[in-house]
Amino acid sequence: MKTTRSTFGALFGLTLAATAADPQWQHLSSKSGDLPVPPGGSQQQTGALIGDFDGDGLNDFILSFRQKPPALVWYRRTAKVWDTYVIEKDYLTVEAGGAAYDIDGDGDLDVVFGGDWQSNQVWWWENPAPHFDKNTPWKRHVIKNGGQTQHHDQAFGDFLGIGKPQLAFWNQQAKALFLAEIPANPRAADGWPRTVIVSGTSAGSTPYTEGMSACDIDGDGKVDLLAYNMWYKHTGGKHFQAVKLGDVGGLIFGGQLVAGGRPEIVISPGDGGGPVKWYECKGDPTQSNSWVGHDLIGRDVVHGHSLQLGDINGDGPLDIFVAEMAKWHEQQPQPDNPKATAWIFYGDGKGNFRKTELVVGEGWHEARLADLDGDGDLDLLNKPYTWETPRVDVWLNNGTAKR
C-alpha cells in the first residue's frame, strides 16, 4: 500500500495493526471507580487544565463546570491515586479553556478561566501553596469585569517581547481577541489593562472563533500567538500582523512535525465540523500563500474538540492526537455522535503520519496530553462535555512504568 503525504490510508476498510512501538494503554475511569467522580453532579464539564499545582514534581489536573457548583475542582496526584480539592466552591458559568502561570510571582502556578456566554468576566485563582485544604477554596480575583460575554480559550506568552508574559484570550461575543498585561500588584488589582489584537472576527464554518496557543513560528526567538486559523506576528508596540493559514479554524497548535525548518501548525474545528489539517511553510511565514495544508484524516471530524501534539510513542518525532465529541446537546439523553472516534497519528518527522484509532464510541472534549503518573511518557486526560457526565478518564501510556 502506498504511503500518502499525510497518512497511511485505510483503503477498502483496511485497519492497520499496531506496531511494536505503539503504546499499550491502561484506561482508568471514574465510571469504574478508578478516579473520584467529579463532585457536585454537574453534567456540563467545560475546561481541563494540567500542571504541577502543588510543586511535588507530578502533574495534577483541574476541571471546570458551569451547571452546578463547585465551579473548579483540582485532582491532586498522590503516589498512586488522585484526591479531589475544591478550588472554587461557588456556582460560576465557566467556559472551556483555561491557562496556568505564576501570576503573583510567589513560585507556584495560579489558574485562569473565563466565563461563558452568560458571563462577562475572566478570573484568576491564587494558589495557596503550601497551605492546601480539600474544602478551602482558592482566592478568586478578576481580570475582566464588563463588556461582552464568552471567553473560550486563553494562553500565556511574552507576545510583546517585553521580558514577561501577557495573557491572550478570546471574547467571542465581542468578536475580539484581547491581550492583557499582568499588573504590578495583581492581588490588589480590580482588573488587568487589555488591548484588542483583532476585532470583528468571523467564525466561518464553526459557531464562533476559538482555539489558542503559543509557539515561535518564524524562528525569531519570540513566542507568537496562534488563534483559530491565524498566527499573529508582533510588529511593534501593541500591533500584530495576522497571517491566515486556511479557511478551517478551531483548536490550533504549533510544533516541529517535520525535522528542520520552521514549526508546522495543526488545526481542528472544535465546536463544529470540518477537516483536520496540518500546515507547513514553503516560503515567507508572514505570507498566507506560503502555508500549504494537508488533510490528516480523510474525512471531516464531528466536533473535533480535542487536539494535542506530543511524542506519544517516544521515538522522537511529534505525533498528533485528535478526538471527536459524542454529545454536545445538553437536553437530549442520547449521543449526537455515537461513533465518535479518537485517533493517534504517529509521525516520522518527515511529514508522514500513520493513522491509528485509540477508541470508537466514547465522547472527548478538551483532552490533554501530559505525563500524569510521573513515569516519563505522555498520558491522556479526557473530560467529556456532557457525555455520560459527571465523568473523567485517564489513559496511561503503557500503564505506570519507568522507561
Side-chain angles (χ1 to χ4, degrees), residues 23-54 56-89 94 98 132-137 305-306 308 312 321 323-327 330 333-335 337-342 344 357-375 377-402:
Q24 301 300 305
W25 297 93
Q26 179 186 3
H27 181 196
L28 307 177
S29 176
S30 61
K31 287 292 183 182
S32 306
D34 303 312
L35 295 92
V37 176
S42 176
Q43 294 184 325
Q44 296 180 24
Q45 306 179 154
T46 51
L49 187 62
I50 290 179
D52 181 7
F53 298 105
D54 57 3
D56 66 350
L58 294 173
N59 279 323
D60 316 302
F61 60 89
I62 293 171
L63 305 182
S64 69
F65 312 89
R66 69 176 174 193
Q67 187 186 38
K68 298 178 182 179
L72 291 186
V73 175
W74 169 30
Y75 278 69
R76 187 182 187 185
R77 175 72 183 186
T78 63
K80 295 183 178 180
V81 298
W82 286 269
D83 288 335
T84 56
Y85 289 66
V86 172
I87 291 179
E88 176 55 70
K89 67 177 179 60
V94 182
F132 298 116
D133 183 273
K134 287 189 175 184
N135 298 307
T136 301
H305 212 297
S306 290
Q308 296 280 277
I312 296 173
F321 175 81
E324 299 176 310
M325 296 175 65
K327 186 173 182 290
E330 297 91 351
Q334 69 274 16
N337 181 27
K339 294 185 178 181
T341 303
I344 299 174
E357 290 182 354
L358 175 64
V359 66
V360 177
E362 293 197 5
W364 294 74
H365 184 261
E366 293 279 282
R368 302 298 183 190
L369 190 62
D371 184 3
L372 292 172
D373 54 7
D375 67 351
D377 53 29
L378 295 178
D379 310 302
L380 281 163
L381 168 68
N382 179 32
K383 164 219 56 67
Y385 169 56
T386 191
W387 176 79
E388 296 191 359
T389 49
R391 175 176 179 153
V392 61
D393 295 71
V394 167
W395 295 69
L396 294 179
N397 189 334
N398 292 316
T400 301
K402 297 289 185 182

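For the pair Lys383 (side chain) and Gln45 (backbone), a donor-acceptor distance under 3.5 Å is present. Of the possible polar contacts, none joining the Thr386 side chain to the Lys327 backbone as a donor-acceptor pair under 3.5 Å is found. No donor-acceptor pair closer than 3.5 Å links the side chain of Gln26 to the backbone N or O of Leu396. A donor-acceptor pair under 3.5 Å is formed between the side chain of Thr341 and the backbone N or O of Lys339. For the pair Asn398 (side chain) and Gln24 (backbone), a donor-acceptor distance under 3.5 Å is present. For Asn59 (side chain) and Leu372 (main-chain N/O), no donor-acceptor pair under 3.5 Å exists by modelled atom type. Under a 3.5 Å cut-off, the side chain of Gln308 and the backbone N or O of Leu369 do form a donor-acceptor pair.
Residues Val392 and Asn382 are not in side-chain contact: their nearest non-hydrogen atoms beyond the backbone lie 4.5 Å or more apart. Within the 4.5 Å cutoff, side-chain heavy atoms of Phe132 are placed close to those of Arg76. At least one side-chain heavy atom of Trp74 sits under 4.5 Å from a side-chain heavy atom of Asp54. Taking the side chain as every heavy atom from C-beta outward, Asp373 and Arg77 approach each other to under 4.5 Å.
The two residues Thr389 and Pro384 come nearest to each other via the heavy atoms CG2-O, 3.6 Å. Nearest heavy-atom pair, Glu324 versus Ala340, reported as atom, atom and distance to 0.1 Å: OE1-CA, 3.5 Å. Considering all non-hydrogen atoms of both residues, Pro390 and Pro38 come closest at CB-O, 3.9 Å.
Taking the six-membered ring for Trp and the full ring otherwise, Trp82 and Tyr75 have centroids separated by 6.0 Å or more. Between Trp395 and Phe321, the ring center distance fails the sub-6.0 Å criterion.
For Asp60, there are no salt bridge (Lys or Arg N to Asp or Glu O under 4.0 Å) partners two or more places apart in sequence or in a different chain. Applying the side chain to side chain contact (heavy atoms under 4.5 Å, CB included) rule to Pro70 yields the partners Pro39, Val73, Val86; only residues at least two apart in sequence or on another chain are considered.
Side chains of Tyr385 and Glu330: a donor-acceptor N/O pair is present below 3.5 angstrom, by distance only. Judged by distance alone, the side chains of Asp34 and Ser29 never bring a donor and an acceptor atom under 3.5 Å apart.
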